[in-house]
Amino acid sequence: MKCIINIGEETIGGLFIPNENYSKYQALVQTHCNNKGISNIHDFDYRITLSDNIDLNMEGGIGITDVQGFNEIYIEGAGLNQYQLSNFR
């Protein structure tokens, strides 16, 4: 997770570095992406935890784009509170 996408919507996004559990769900996430362009919080109860074990509270939702055949997985989240958003500036 590297950048602010839209300050007004408090949206952040970046490359997703999955943990070992992601492989259990990757095929289903890719199916969501193929069918509707993204896998979002309506498909799974996604959470974003940073490398320093800080959980982000995304009020607007979280989406993952993982297209089969590509090596990059993208994650985005909307509705981050101003305090946590300030850590990305």
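The chain is numbered in sequence order, starting from 1. Any value given below was found using the heavy atoms of this structure, including those in side chains, with hydrogens, waters and symmetry copies removed.
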Let me confirm one number: the [atom1]-[atom2] distance from [X] to [Y], rounded to the nearest 0.5 Å.
{"X": "Leu80", "Y": "Ile48", "atom1": "CG", "atom2": "CD1", "value": "8.0 Å"}
{"X": "Met58", "Y": "Ile41", "atom1": "CE", "atom2": "CD1", "value": "9.5 Å"}
{"X": "Ile73", "Y": "Gln30", "atom1": "CD1", "atom2": "CD", "value": "7.5 Å"}
{"X": "Thr49", "Y": "Asp52", "atom1": "OG1", "atom2": "CG", "value": "10.0 Å"}
{"X": "Ser39", "Y": "Ile75", "atom1": "OG", "atom2": "CD1", "value": "10.0 Å"}
{"X": "Tyr74", "Y": "Ile64", "atom1": "OH", "atom2": "CD1", "value": "12.0 Å"}

Item to check | Inter- and intrachain pairs under salt bridge (Lys or Arg N to Asp or Glu O under 4.0 Å), touching residues 19-40, at least two apart | outcome: Lys36-Asp43
Item to check | Residue pairs, two or more places apart or on separate chains, that pass salt bridge (Lys or Arg N to Asp or Glu O under 4.0 Å) and touch residues 56-72 | outcome: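 Pairs touching residues 56-72 that pass the test: none.
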Next on the checklist: Could you report the tightest heavy-atom contact between Asn21 and Tyr25, atom names first, then the distance?
Outcome noted: O-CD1, 3.4 Å
Checklist entry - Cluster question for you: counting only ILVMFWY and a side-chain heavy-atom cut-off of under 4.5 Å, with indirect links fine, are Phe44 and Leu56 together? => result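 Same cluster.
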Next on the checklist: Count I, L, V, M, F, W, Y as connected when their side-chain heavy atoms are under 4.5 Å apart, and connections chain through other members. Are Tyr46 and Leu28 then in the same cluster?
Outcome noted: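 Yes, it is one cluster - the side chains of Tyr46 and Leu28 are joined through contacts under 4.5 Å.
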Checklist entry - Asp45: what forms a salt bridge (charged side-chain N to carboxylate O under 4.0 Å, His left out) with it, not counting sequence neighbours? => result Arg47
Checklist entry - Should the pair Phe16 and Tyr22 be assigned to parallel (<30°), tilted (30 to 60°) or perpendicular (>60°) ring geometry? => result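 Plane angle over 60°, so perpendicular.
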Next on the checklist: Given 3.5 Å as the limit, does a donor-acceptor pair link the side chain of Gln84 with the main chain of Asp55, or not?
Outcome noted: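 Judged by distance alone, yes, a pair lies under 3.5 Å.
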